[in-house]
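See below for the structure under consideration.
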Amino acid sequence: MHIFNTKETLQQHLKSCLKKNESIGFVPTMGALHIGHISLVSQSFKENSYTVVSIFVNPTQFNNEEDLINYPRTLDIDVALLKAHFNSNIVVFAPSPENLYNRKIVSMNFNFGIIEHQMEGKYRPGHFNGVGTVLTHLFNAVKPTRAYFGEKDFQQLQIVKKLVDLKNFNIEIIGCEIFREINGLAYSSRNQRLSNTAKKTASIIFQTLKNCKEMFGTKNALEVTDYVTSIFKKKEAFTLEYFEIADTLNLETVTKINPKKKYRAFIAVFIEEVRLIDNIALN
Ligand code: AMP
């Protein structure tokens with residue numbers, strides 16, 4: 001296990017060990033690692049000569065200062081978890097914002113098209129410019145062959161694919177399925193901030209998404225949306241921020257279903273002031 005806190009030392013190390021035809025798999029994270037992150041690292045570990053895991057809470061992708069302050073930071077525990085699952089060949093990159101951003105901690109502006117104006121883009125202004133900026137810096141530092149992203153952040157995954165096109169990065173982007181707790185709650189670093197009761201109650205999120213999938217064959221998008229709204233109206237512990245059924249390709253909210261297209265349902269809810277997101281493929 002090698003841990004680097006600067007781009008320069010990381011690059012020196014990768015240069016010294018990488019041989020011809022060897023590949024680098026990259027898993028960008030904000031730390032507070034859980035089994036969902038580990039599933040991405042496992043896939044990279046299997047498919048590449050080396051795997052780099054970045055642990056970096058990116059200030060430019062938070063539109064809410066309090067959320068940034070409260071975001072869990074557990075580097076020692078994260079490193080121990082990676083050590084327990086993988087022995088050698090894992091490289092941890094945990095830079096300071098000053099080092100990663102060359103001291104200019106500001107967002108670049110991207111044009112990601114329609115996708116950036118939907119859901120997370122609508123409710124978290126500036127979020128995807130922050131994501132695009134940090135990934136530009138990280139991709140330039142790591143120069144990976146492949147990079148692994150969770151479908152948990154499905155919209156982010158589409159944005160990353162756009163970023164790679166826009167910036168001509170020679171990186172294969174791999175989407176990995178959502179890892180869930182036994183009760184269906186998607187693993188998230190933010191779950192650490194929930195009480196045990198809230199974690200149990202939050203199983204309703206995935207249960208509702210599964211019900212939507214079942215309804216999708218017979219009910220229209222509006223009826224499914226009304227059903228979700230009514231469910232969360234009845235649950236006082238939750239505040240529903242959005243529920244959308246969207247076209248998988250451009251993430252535009254759907255009104256009329258075209259059987260030839262693929263759709264997903266997306267949800268964002270607050271419980272105990274913690275914002276949780278999830279999604280499901282509908283067809
Ligand atoms: P984060 O640390 O939350 O920025 O997440 C880092 C990466 O892990 C992102 O690509 C996420 O989509 C992915 N990820 C987070 N939670 C899960 C999960 N429950 N299952 C699969 N991937 C996940």
Side-chain angles (χ1 to χ4, degrees), residues 25-47 51-64 67-68 70-75 77-79 81-82 85-86 90 92-95 97 100 115 119-120 124 127-128 130-139 142 144 146-164 171-194 199 202-203 205-206 209 251 264 266-269 274-281:
F26 179 39
V27 183
T29 82
M30 296 208 295
L33 299 184
H34 49 68
I35 200 76
H37 294 117
I38 296 297
S39 70
L40 269 61
V41 183
S42 293
Q43 192 169 337
S44 171
F45 195 75
K46 280 187 214 130
E47 295 175 357
T51 290
V52 177
V53 180
S54 65
I55 296 178
F56 180 71
V57 181
N58 174 35
T60 63
Q61 73 184 68
F62 285 81
N63 59 314
N64 177 332
D67 195 21
L68 172 62
N70 288 331
Y71 202 87
R73 289 161 174 86
T74 57
L75 184 60
I77 300 170
D78 293 346
V79 169
L81 189 72
L82 287 169
H85 280 85
F86 313 93
I90 294 279
V92 173
F93 179 41
L100 187 67
I115 300 176
M119 300 178 289
E120 294 299 289
R124 303 182 69 187
H127 174 65
F128 287 127
V131 169
T133 305
V134 73
L135 287 175
T136 300
H137 289 303
L138 286 168
F139 286 165
V142 179
R146 300 182 186 90
Y148 296 79
F149 293 86
E151 288 186 346
K152 155 103 178 354
D153 301 278
F154 192 86
Q155 191 174 5
Q156 171 176 275
L157 173 61
Q158 307 311 310
I159 290 280
V160 177
K161 288 179 182 166
K162 273 258 169 202
L163 176 75
V164 165
I171 303 168
E172 187 185 352
I173 301 301
I174 296 174
C176 306
E177 68 183 49
I178 304 173
F179 227 80
R180 299 179 180 283
E181 302 208 21
I182 291 168
N183 72 2
L185 176 64
Y187 278 100
S188 164
S189 305
R190 288 188 165 90
N191 294 358
Q192 286 190 12
R193 291 170 49 205
L194 295 176
K199 267 194 211 163
S203 64
I205 301 168
F206 185 52
L209 289 180
L251 300 189
R264 278 182 106 91
F266 296 84
I267 192 165
V269 294
V274 177
R275 188 174 185 273
L276 301 176
I277 59 169
D278 202 347
N279 69 86
I280 193 169

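One-based numbering, in listed order, for ligands and for the atoms of each. Just the heavy atoms: all of them, side chains too, but no hydrogens, waters or symmetry mates, feed the values below.
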*Provide the closest heavy-atom pair for Ala268 versus Ile277 in the form atom of the first, atom of the second, distance.*
CB-CG2, 3.8 Å
*Heavy atoms, side chains only, cut-off 4.5 Å: are Ser42 and His85 in contact?*
no
*Below 4.0 angstrom from a heavy atom of Tyr187, which ligand 1 atoms are there? Numbered from 1 as shown, please.*
16 (N), 17 (C), 18 (C), 19 (N)
*Which residue supplies the protein heavy atom nearest to atom 12 (O) of ligand 1, what is that atom called, and how far is it?*
Asp153 OD2, 2.6 Å
*Which is it for Cys176 and ligand 1 at heavy atoms under 4.0 Å: side chain, backbone, both or neither?*
neither
*asked:* Please list, in number order, the atoms of ligand 1 under 4.0 Å from a heavy atom of Leu40.
replied: 7 (C), 8 (O), 10 (O), 13 (C), 21 (C), 22 (N)
*Hey, which atoms in ligand 1 end up nearer than 4.0 Å to a heavy atom of Phe149?*
10 (O)
*asked:* Students should be able to answer this: which protein heavy-atom is nearest to atom 23 (C) of ligand 1, and at what distance?
replied: Lys152 CB, 4.0 Å
_Give me the atom names and distance for the closest heavy-atom approach of Gly130 to Asn58._
O-ND2, 3.1 Å
*In terms of heavy-atom contacts, does NZ of Lys162 have more than 12 from other residues, nucleotides or ligands at under 6.0 Å?*
no
_Any side-chain heavy-atom pair of Asn191 and Leu276 under 4.5 Å_ = yes
_Protein contact of atom 20 (N) of ligand 1 - nearest heavy atom, named by residue and atom, plus distance_ = Phe179 N, 2.8 Å
*Report yes if some heavy atom in the side chain of Asn279 is under 4.5 Å from a heavy atom in the side chain of Asp153; otherwise report no.*
no
*Which atoms of ligand 1 are found less than 4.0 Å from any heavy atom of Pro28?*
6 (C), 7 (C)
*If you count the atoms of ligand 1 from 1 in the order shown, which ones are under 4.0 Å from a heavy atom of Tyr71?*
3 (O)
_Interfacing atoms of ligand 1 (cut-off 4.0 Å, heavy-atom, Met30)_ = 1 (P), 2 (O), 4 (O)
_Minimum non-hydrogen distance to atom 13 (C) of ligand 1, winning option of Ser189, Gly150, Ala186_ = Gly150
*Give the numbers and elements of all ligand 1 atoms closer than 4.0 Å to a heavy atom of His34.*
15 (C), 16 (N), 17 (C)
*Taking the side chain as every heavy atom from C-beta outward, state whether Phe154 and Ile178 have any atom pair closer than 4.5 Å.*
no
*Please identify which atoms of ligand 1 are closer than 4.0 Å to at least one heavy atom of Ile178.*
20 (N), 21 (C)
*So between Glu177, Arg190, Gln156, His37, whose heavy atom ends up nearest atom 21 (C) of ligand 1?*
Glu177
_Parallel, tilted or perpendicular, judged at 30° and 60°: which one describes the rings of Tyr187 and His34?_
parallel
_Is it the case that over 12 heavy atoms from other parts of the model lie below 6.0 angstrom from the CG atom of Leu75?_
yes
